[in-house]
Structure formats: structure tokens, C-alpha cells
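Take a look at the structure below.
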Protein chains: 2
Amino acid sequence: MAVNAEKIAPPQDFEALRAAILERRRELPKRLVQVAAYALDNPDEIAFGTAASIAESAEVQPSTLVRFAQQFGFDGFSGLQQIFRARLKERTSSYEERLRTLEQNGAPLSESASIFNGFVAAAHRSLDALAGSVNAAAFEQAVEILAKAETIYLIAKRRSYPISSYMAYAFGKLKVKSALVGTSAGIDDDLLSFAGPRDAAFAVSFSPYASESAGQARALALRGVPVVSLTDSVFSPLAECSRVWFEVAEADHAGFRSLSASMAFAMALTVSIAEKRRRDAQERPG
Amino acid sequence: MAVNAEKIAPPQDFEALRAAILERRRELPKRLVQVAAYALDNPDEIAFGTAASIAESAEVQPSTLVRFAQQFGFDGFSGLQQIFRARLKERTSSYEERLRTLEQNGAPLSESASIFNGFVAAAHRSLDALAGSVNAAAFEQAVEILAKAETIYLIAKRRSYPISSYMAYAFGKLKVKSALVGTSAGIDDDLLSFAGPRDAAFAVSFSPYASESAGQARALALRGVPVVSLTDSVFSPLAECSRVWFEVAEADHAGFRSLSASMAFAMALTVSIAEKRRRDAQERPG
DNA sequence: GTCAACATGGAATGTTCGTTCTAAATGTGG
DNA sequence: CCACATTTAGAACGAACATTCCATGTTGAC
């Protein structure tokens with residue numbers, strides 16, 4: 001009975017435990033910090049491993065794990081492990097898995113239903129890919145370029161036109177001056193002839209690339225108009241004439257792509273630009 | 001050495017195991033079927049429980065679990081359990097969780113980056129909601145209505161315009177006759193006056209509803225043109241004049257919505273329609 | 001420099017685990 | 001109804017487990 005143990009109640013879920021670990025991080029002894037770091041970095045290991053195997057991976061003694069758990073109010077290591085296991089149980093199953101369960105339990109899916117599910121799954125994948133491939137610094141730079149432009153010229157044809165048209169709509173609502181290029185044939189080049197270095201352009205083009213879009217973007221770049229672009233491949237002709245460019249690989253279902261991820265990207269960019277303008281205006285009023 | 005054991009290799013992943021269990025379901029003895037059912041219904045229990053605890057839940061003896069595992073080529077219960085655990089490990093973590101890890105490890109996210117992540121997360125949520133809310137039978141019905149239409153009239157204004165414009169593009173590629181209503185003011189009503197009962201319309205409208213879209217849809221419905229619609233609320237004026245209608249609740253980030261889920265829906269509908277036409281044409285050539 | 005308080009490593013311990021084994025039960029073909 | 005094969009239940013066993021305990025190491029105050 002030497003230890004005047006603080007009998008605090010142990011965290012009941014993973015989030016609470018995580019918060020508690022983070023909070024007490026600094027006041028913990030060296031080995032316990034080591035365990036803390038390992039636990040938060042390798043939660044799956046904690047969930048599945050045995051005290052001995054985890055101890056070996058984390059390069060501590062099994063007894064250290066027990067002491068760590070006790071520090072946070074658990075009876076022993078097992079109690080702490082329960083939290084890590086519960087976390088995995090509660091985690092909703094992946095979309096594909098839910099799909100399969102659906103097919104399994106009910107009647108076999110009709111063709112339309114499986115096409116529908118295919119597109120939803122593809123959209124999920126696209127969003128994951130988007131999140132993984134977009135560099136935060138590049139995004140920030142793109143926002144800066146476009147936020148300080150007087151007029152934002154939106155260049156898009158064919159498959160990418162819906163993206164720009166939505167951006168044009170949103171920019172209108174957000175009181176950001178923009179011009180949608182690609183609406184009616186003929187007036188496009190006249191419109192673009194107004195663009196100067198104080199403006200900027202956002203070009204979207206997916207394979208098969210509309211050569212017109214690439215040509216317009218190149219012409220603008222030559223005249224000193226900064227160009228930001230969104231495309232689906234590193235080999236896009238747009239990439240070479242752009243200050244900043246992004247690659248978004250839309251997953252396809254049966255050869256057809258939806259624009260789900262591109263839409264999310266476009267809206268994020270649009271709102272970021274408007275938000276940056278708002279803040280800049282606040283800082284330097286006039 | 002009495003048992004002339006079939007030394008088949010055990011399944012290496014959960015899917016293979018599942019398939020093997022389903023395949024051999026009928027030839028297994030009673031208690032093993034009992035285990036099989038329990039295992040597929042409560043995979044998480046198998047992953048985390050002990051042989052004893054699982055045996056109690058499944059109302060069999062622990063030894064039965066071992067025999068079950070051996071039936072499928074594993075050395076013992078533990079080998080089988082590994083498969084159930086691997087399944088949980090491989091399951092990618094939820095997007096929100098990955099986000100938090102990102103914020104935690106690196107520097108605090110810039111405003112643009114967090115807006116970006118917010119839209120990606122919102123898009124994921126929207127897709128989940130979409131998958132949950134769209135009724136397979138209704139979708140099938142919508143496909144049927146639109147597939148047998150001579151011309152598909154696409155009605156959309158403002159925020160929903162990008163959806164229809166992409167559908168129009170895709171229909172063009174798929175050789176499905178469609179007309180996009182909402183391009184230039186004035187000619188819309190002239191265009192719609194051609195529509196008859198042998199055609200169909202697909203209307204998209206989100207709040208705040210463009211009264212023009214609702215009016216056009218109602219006019220078509222009165223003239224016997226079947227209308228299918230996509231909207232974001234049960235109270236949409238479109239719903240009442242539509243044969244079939246769908247509700248897609250796009251999650252928003254800071255009050256702004258991207259059209260990610262709607263886009264996925266639109267493409268699924270578009271491709272389903274084209275596919276149905278292709279099959280109908282094959283069955284009744286002429 | 002000394003001592004107390006705390007942290008750590010590693011062996012010891014009692015428990016629980018998965019597995020094996022055997023006898024009883026159940027089903028099957030003649 | 002019997003002989004036989006298969007399936008099952010439950011006890012027995014050895015290995016692996018989480019935990020405890022204590023000697024040793026480390027730190028910081030005085």
C-alpha cells in the first residue's frame with residue numbers, strides 16, 4: 001500500500017484515451033512516453049498483440065505496459081487493450097464490404113443497382129486518392145495566386161465544363177469576379193484578350209484533352225497571366241504552362257468517370273479563394 | 001494416424017475463407033455449420049474473443065472450434081483467428097480518423113488545407129448518405145422510364161446546372177438523345193414544347209429552388225411527359241409532379257456544398273440508362 | 001556526497017489459453 | 001436390430017499469458 005494511487009476512472013473510449021495520453025505526455029517517465037508514442041502510432045498492434053509481443057516491438061518490458069495502463073486508471077494492460085479493440089470493432093466497415101453484405105443478404109442486385117453502387121464506390125476511391133495526392137503547400141499557393149487576381153478566367157471544355165460552370169456559379173454568389181470561358185464558341189478568345197498579368201486563370205482538362213483549352217492556357221501564360229490547372233495526368237499539356245497544377249485521378253466504373261472528386265476539389269478551391277479574399281480585405285481595409 | 005486428412009492449404013484472406021465456408025456449408029456436420037454461421041455473423045467476436053468465450057457465445061465446445069478450423073486446413077483455431085484479425089487490420093481507417101492523424105503529426109493545418117479536407121470529408125459523408133437513401137427499386141424504375149424515352153429533357157438551373165450539363169455531355173457520348181434545358185434564356189420553353197408522352201424529363205433542383213425549373217417540370221407532367229427528379233429535400237416542389245424522385249442530401253462544409261454525391265448519382269443514372277437501352281436493343285433487334 | 005523517491009528491468013507466479021485425447025452419442029447401411 | 005463410422009462433449013495437459021514483485025538503476029533535493 002505504498003502507492004497512493006490516484007484512482008481516476010479509466011477512459012471509456014479511444015478518443016478519451018487519446019486525449020488523456022496527449023495531455024499527460026509531458027509528465028510521464030521516459031519509458032511510459034515511449035509506450036505512449038508506440039500506442040498511438042500502432043493502435044492495431046496494441047489491439048491484436050500480446051503484452052509480450054507488443055513489449056518487444058516497442059522495446060520495453062511487458063511490465064512497463066502494465067504500469068502504463070495503470071497510470072491511466074486501468075487495472076492492467078488488458079483493460080487498456082479493450083479500448084483499442086473496441087475502436088476496431090466500432091469502426092464502420094468499408095464501403096465495399098457493406099456492398100457485399102447487401103448483395104449477400106438480399107436478392108442479387110439488379111444491373112442498375114450494381115452500376116449505382118459501382119459509381120458510389122468509385123467516388124469514394126477518387127476522394128481518397130484526391131486527399132492523398134493534393135499537396136497542401138501547392139494548394140495554398142494556388143489559392144494565393146487566384147485570390148489576388150482581379151478576374152479569374154475559368155477555362156474548360158467538354159467533360160470538365162461542369163466543374164468550371166459550378167465554380168462560376170459559386171464565385172458569383174461569393175462576389176468574386178470570374179469569367180467562364182467555353183460557353184459559346186467564338187467569343188472565347190475575345191474574352192480572353194482582356195486578361196492581363198493582374199488576372200489569373202484556372203484551367204481544367206481531362207483526357208482526351210481539348211486542344212483548345214491547352215492552347216488558350218498557353219496563350220495566357222505567355223502573356224504573363226498566372227495559370228492554375230486541374231488535370232488527370234502528369235502528361236497533360238496543361239501542366240507545362242501552369243504555375244501550379246493538380247492531378248486528380250477519378251476512379252472509373254466500367255470506363256465512365258464521375259466528377260465527384262473534382263467537384264470537391266473545385267469547391268474547396270473556390271471557397272478557399274473567397275475566404276482568403278475576405279481575410280485580406282479585413283487586414284488591409286480600404 | 002487414423003485420419004487420412006486432406007491437407008488442403010488454408011484460405012489466406014477473409015474473402016477466400018468466406019467463400020470456402022459458403023461452399024462447404026452443406027457438407028458440414030451440424031455443430032460445424034453452427035460455428036460457420038456464428039463466424040460469418042459475428043466476425044468481430046472471432047477476431048477478439050478467446051476460444052472459450054467464442055465457444056460459449058456460439059453454444060459449442062471449444063474443441064468444436066478447433067475442429068472447424070482444421071476442416072478448412074488450419075492447424076488450429078488460432079490460425080483461423082488470424083484471418084479474422086487481418087481483416088480488421090486491413091480495413092482502412094475512416095477518413096475523419098486519418099484527417100486527425102494528419103493534423104496531429106504535422107504542423108497545424110493552414111486554413112486552405114482545412115477547407116480542402118473539410119470538403120473531401122463532406123463528400124465522403126454525402127456519398128454514404130446517398131448510398132443509404134437511394135432505393136434500388138426506385139432507381140430501377142427511373143432507369144426504365146428514361147431508357148424508353150425518345151428524347152430525354154434535362155432541366156436544371158443555377159446550382160444544379162453542372163449536373164445536367166455533364167449528363168448531357170455523357171448522353172452525347174453514349175448516343176442517347178437528350179436536350180439540355182437551361183442553357184440560354186428564352187429558347188427553353190420553345191424547346192420543351194416539343195416534348196410529348198413518348199419523351200421523358202429529368203429535373204434537378206436544389207434549395208433555393210429555381211421556380212422556373214419547377215414550373216417547367218409541372219408543365220411537362222401535365223402534358224403527360226414522365227418526369228424523374230433529383231432534389232435535396234422532400235419538400236421540393238419537384239417531388240409532387242415527378243413519377244420518381246430522389247433525395248440526395250449533400251453534406252456541406254461551412255455552408256457550401258459540393259456536388260460530389262449528385263455527380264455520382266447522375267453518372268450512375270446516365271450509364272444505367274445507356275446500358276438498359278443497349279440490352280433492350282439486343283433483345284429486340286430492329 | 002547522501003539519501004529519498006521514483007523509474008526500470010527481469011524473473012517468478014498463478015491463471016487462462018488452445019489444443020489434444022478419449023469416451024459417449026449419434027447417425028447409417030445392411 | 002446390429003455393426004460401423006462419424007460426430008460430439010468434456011476432461012486433461014502443456015504452453016503462453018498478464019501480472020506481480022523485488023532488486024537495481026536513475027534522478028534531484030539538500
Side-chain angles (χ1 to χ4, degrees), chain A residues 1-8 10 17 21 24-39 42 45-86, chain B residues 1-8 10 17 21 24-39 42 45-86:
Chain A
M1 286 293 167
V3 183
N4 185 7
E6 331 127 31
K7 249 295 158 47
I8 49 164
L17 174 60
I21 291 176
R24 298 184 48 192
R25 193 179 234 291
R26 314 205 162 276
E27 64 192 64
L28 289 176
K30 192 173 65 169
R31 283 290 119 90
L32 297 196
V33 171
Q34 196 174 326
V35 173
Y38 182 86
N42 311 67
E45 282 300 311
I46 307 282
F48 292 114
T50 67
S53 71
I54 296 164
E56 196 185 345
S57 294
E59 293 175 32
V60 295
Q61 291 293 326
S63 51
T64 308
L65 295 179
V66 176
R67 268 183 281 121
F68 177 80
Q70 286 168 343
Q71 277 288 331
F72 288 94
F74 298 99
D75 276 355
F77 172 71
S78 301
L80 177 129
Q81 195 176 33
Q82 289 308 317
I83 303 293
F84 281 80
R85 293 187 168 182
Chain B
M1 285 293 169
V3 183
N4 186 8
E6 332 128 31
K7 248 299 160 41
I8 50 162
L17 174 60
I21 291 176
R24 298 183 50 191
R25 190 180 238 289
R26 312 204 162 274
E27 64 191 65
L28 288 176
K30 192 173 67 170
R31 283 290 120 89
L32 297 195
V33 171
Q34 196 174 326
V35 173
Y38 183 86
N42 312 67
E45 282 299 312
I46 306 281
F48 291 117
T50 67
S53 71
I54 296 164
E56 197 185 344
S57 295
E59 293 175 31
V60 295
Q61 291 291 326
S63 53
T64 308
L65 294 179
V66 176
R67 270 183 287 119
F68 178 80
Q70 285 167 344
Q71 277 288 331
F72 289 94
F74 298 100
D75 276 357
F77 172 72
S78 301
L80 177 129
Q81 194 177 34
Q82 289 307 317
I83 303 293
F84 282 80
R85 293 189 167 181

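Reminder, nothing fancy here: chain letters follow the sequence lines and each chain counts from 1.
- With a heavy-atom cut-off of 4.0 Å to chain A, the contacted part of DNA chain D has its first and last nucleotide at D:dC17 to D:dT20.
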Give every pair of a protein N or O atom and an N or O atom of nucleotides 17-19 of chain C that lie under 3.5 Å apart, one pair per line with the distance.
residue, atom, partner, partner atom, Å
C:dG18, OP1, B:A51, N, 2.7
C:dG18, OP2, B:A51, N, 2.7
C:dG18, OP2, B:A52, N, 3.3
C:dG18, O3', B:S78, OG, 3.0
C:dT19, OP1, B:F77, N, 3.2
C:dT19, OP1, B:S78, N, 3.3
C:dT19, OP1, B:S78, OG, 3.4
C:dT19, OP2, B:F77, N, 2.5
C:dT19, OP2, B:S78, N, 3.4

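- The shortest heavy-atom contact between A:A39 and A:F84 is O-CE2, 3.6 Å.
- In terms of the side-chain hydrogen bond (donor to acceptor under 3.5 Å, both in side chains) criterion, residue partners of B:S53 (sequence neighbours excluded) are, by chain and number, B:T50.
- Separating the CD1 atom in B:I21 from the CG atom in B:L28 is a distance of 8.5 Å, to the nearest 0.5 Å.
- Two end axes, each from the C1' atoms of five base pairs, can be drawn for the helix from C:dG1-D:dC30 to C:dG30-D:dC1; they diverge by 20°, to 10 degrees.
- One atom, CG of B:L32, and another, P of C:dT26, lie 17 Å apart when rounded to the nearest Å.
- Across the protein-nucleic acid pair, B:R67 atom CZ and C:dC21 atom P stand 14 Å apart, rounded to whole Å.
- Using modelled atom types, no side-chain atom of B:R85 and backbone atom of A:A47 make a donor-acceptor pair closer than 3.5 Å.
- Atoms CZ and CG, from B:R24 and B:L32 in turn, are 9.0 Å apart once rounded to the nearest 0.5 Å.
- Contacts classified as ring-ring contact (aromatic ring centres under 6.0 Å, His included) and involving residues 47-71 of chain A (residues at least two apart or in different chains) are given here: A:F48-B:F48, A:F68-A:F72.
- In this model, the phosphate group of C:dG10 is approached by a side-chain N or O of A:Q61 to a distance below 4.0 Å at OP1 or OP2.
- Protein atom CG of A:L28 is 12 Å distant from nucleotide atom C1' of C:dA7, rounded to whole Å.
- Without hydrogens or angle criteria, A:Q81 side chain to A:I46 main chain gives a donor-acceptor distance under 3.5 Å.
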Atom pairs and distances, donor-acceptor, side-chain atoms in residues 59-67 of chain B, under 3.5 Å, two or more places apart:
residue, atom, partner, partner atom, Å
B:T64, OG1, B:Q61, O, 3.3
B:T64, OG1, B:R67, NH2, 3.2

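- Nearest approach of A:Q70 to A:D75, heavy atoms of both residues: NE2-O, 3.3 Å.
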Query raised in the report: Can B:V33 and B:Y38 be said to form a side chain to side chain contact (heavy atoms under 4.5 Å, CB included), step by step?
Result: CA-CA 8 Å; B:V33 171; B:Y38 183 86; over 6 Å; no
